[in-house]
Amino acid sequence: MSEEIKTTNFIHDIIDADLAAGKHQEIITRFPPEPNGYLHIGHAKAITLDFGTAEKYGGRCHLRMDDTNPEAEDDEYVRAIQEDIKWLGYDWGGHLYWASNYFDTMYEYAVRLIKKGKAYICELTSEEFKEYRGVPTRPGKEPPGRNRSAEENIDLFERMKNGEFKDGTYVLRARIDMTSPNLHLRDPAIYRIKHATHHNTGDKWCIYPMYDFAHCIEDSIEGVTHSMCTMEFEVHRPLYDWILEELDVFRSRQYEFSKLNLTYVVLSKRRLLQLVNEGLVSGWDDPRMPTLCGMRRRGFTPEAIKKLCAIVGCTKFEGITEIEQFESIVRDDLNENSLRAMGIVDPIKLVIENYPEDLTEEFEVPNHPKKEELGTRKVPFSREIWIERTDYMDDAPNKFKGFTVGREVRLRSAYLVTCNSVEKDANGNVTVLRCTYDPETKGGSAPDGRKVGSTIHWVSAKHAVDAEVRLYDRLYTVENPLADKEKDFKDFLNPDSLEVITAKLEPMLAEANPGARYQFERVGYFCADKDHTPESPIFNRTLTLRAPRKIA
RNA sequence: UGCCCGAUGGUGUAAUGGAAGCACAUGUGACUUUGACUCAUAGAGUCCAGGUUCGAACCCUGGUCGGGCAACCA
């Protein structure tokens, strides 16, 4: 994960041109979440663009809480957002800002527009408002209050601010063009009355600015040079420009890029909330959730998330990236950087009949196959061990490389062992493999140089640690659960997205720190859960190894 | 439907008027004390039709297809 991906895109081309033209000395961007929900992988794309662009050009990126709607926002989200951004490895330095800190300026700016005759108070109900606005194919018509005098408008606006009116009785609108083909320019509402307590400003205000009015002003106040957002704001851009132009303030510029889409992933905030509220997942940080906190708990690395964003790039074309792309990046990272361990997910007993009853040996097992500097660890070995059920097969064909009666297999770093017979329960399931070992093959290699078909992982039965292991899989059964308009996305929930089992782990795993990542050899990548303790170990499966083993 | 945006292998992208390249995915083979990793190898692409040009993925025109917008949300 060390190699840098060169990132350039159409926005960087624009920045290059701006810099060459001497338009800016410093590039300033911003990431402006509304603190009304948890950040997800889609936000990560915006974060890497906003912070990554600032990094690339030696500028800075502000973290700005876009808290202009007191009804939706909460301090809990503010905390979580900061934690997630830090986890991704970005730092806003001292540049944490709040839209709500600009409410005074915004109010003044609104007054300035009113004085210029560019904004007015409108008394239409929201139904009438829509009626007057018209539809795309039909122009709107002028609302009754459109030509009220500036004095009257200012008086009304002040009384709005003073709390003289109920919610919804009046709204401040920009005076632009009721016949514009762009609906956003048909005298959009820019301030509304909301008698609500704001998480930051308390009860100081009962009027709050709308997104379109607030956002460009926030950018302008902070001197943001390049304000990046997703495509759906493209039609808002003329309004963004109009407001800054009319106010005659610093002209930030808005650029739009397309959202991230991933197969087998749903990112809509509303639907994520549904999963949580209906108990379909354990919470916002359920390891199946595409939230950054969920992905963190799952064991995905920030490096992998950032690399995905780099590979996906930044374009105006909306596509859908295959989840395999991400999984490949994750495996690449984890293969390189995680320590190896042995754990049995579906255990069957193997008894070495010619091995002493009460002997325990310790074998040196490498912590990483390609990185000797990561050293070795001691793993206890004894007469009875656990192996993976899938490593035995009756009458196995040559293609199958594990145990079958009469075949010799290597126990990783231990001995070559031959299976002589098996025991089965009433249902025909194998319960015990009866084997013999070759004492001359200590460490796993034979003095006579003979080869074996495979090397399998194992855990000494008397030393094994029982752990709760959560095997996660895709949350949905189809690539795009939203594609079928006839059905609800929840109809496509994968019933097998979580399987909880008790695994047999090598002893050192009990001591893992919560969050520590391991590759359980030949099984997959696992991460100690945040609730993991030595007394009750819990591991989450991040991903299986590539190409699930074919049982021949 | 009005306006806006876009279109490069199956998927994500690069090439900015001068050899269409990379990654993922897929197939085949090699190696292996992880059926992983690694390595080798194969197939597969410029939406369509015109135009400009010595030369077009790139510029122009017209289509086609896809996405977005029509909250007192952001």
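For clarity, every value in this text was computed on a predicted model and none was experimentally measured.
Here A/Thr321 lies in heavy-atom contact (under 4.0 Å) with sugar-phosphate atoms only. Among the protein residues, A/Lys401 comes within range of the nucleic acid bases, having at least one heavy atom under 4.0 Å from a base atom. When heavy atoms are screened at a 4.0 angstrom cut-off, A/Ile456 is found touching no nucleic acid atom at all. At a threshold of 4.0 angstrom between heavy atoms, the contacts of A/Gly319 are confined to the sugar-phosphate backbone, with no base atom among them.
Nucleotides B/rG17 and B/rA70 have their C1' atoms positioned 41 Å apart, rounded to a whole Å. Comparing B/rG68 with B/rA23, their C1' atoms are spaced 29 Å from each other, to the whole Å.
Each of A/Tyr525 and A/Arg237 has a nearest nucleotide on RNA chain B; the 5'-most of these lies closest to A/Arg237.
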- Message: How would you summarise protein contacts on nucleotides 66-74 of chain B per nucleotide, using B for base, S for sugar-phosphate only and - for none, with heavy-atom distances below 4.0 Å?
- Response: -SBSBSBSB

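Residue A/Thr315 has no polar side-chain atom (N or O) positioned under 4.0 Å from OP1 or OP2 of B/rG6.
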- Toss me the dot-bracket line for RNA chain B: Watson-Crick and G-U wobble, both under 3.5 Å, 5' to 3', using | for pairs to another strand and [ ] for crossers. .((((((..((((....[..)))).(((((.......)))))....(((((..]....))))))))))).....

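Distance alone, capped at 3.5 Å, places no donor-acceptor pair between the A/Arg133 side chain and the A/Gly140 backbone.
Set against B/rG35, B/rU34, B/rG12, the side chain of A/Phe400 has B/rG35 as its closest nucleotide. When the nucleotides B/rU34, B/rC37, B/rC24 are ranked by their closest atom to the side chain of A/Arg546, B/rC37 comes out on top.
B/rA36 atom P lies 16 Å from atom NE2 of A/His368, rounded to whole Å.
Partners of A/Ser100 under the side chain to side chain contact (heavy atoms under 4.5 Å, CB included) rule, at least two apart in sequence or in another chain, are A/Asp67, A/Trp98, A/Phe103, A/His198, A/Asn200, A/Thr201.
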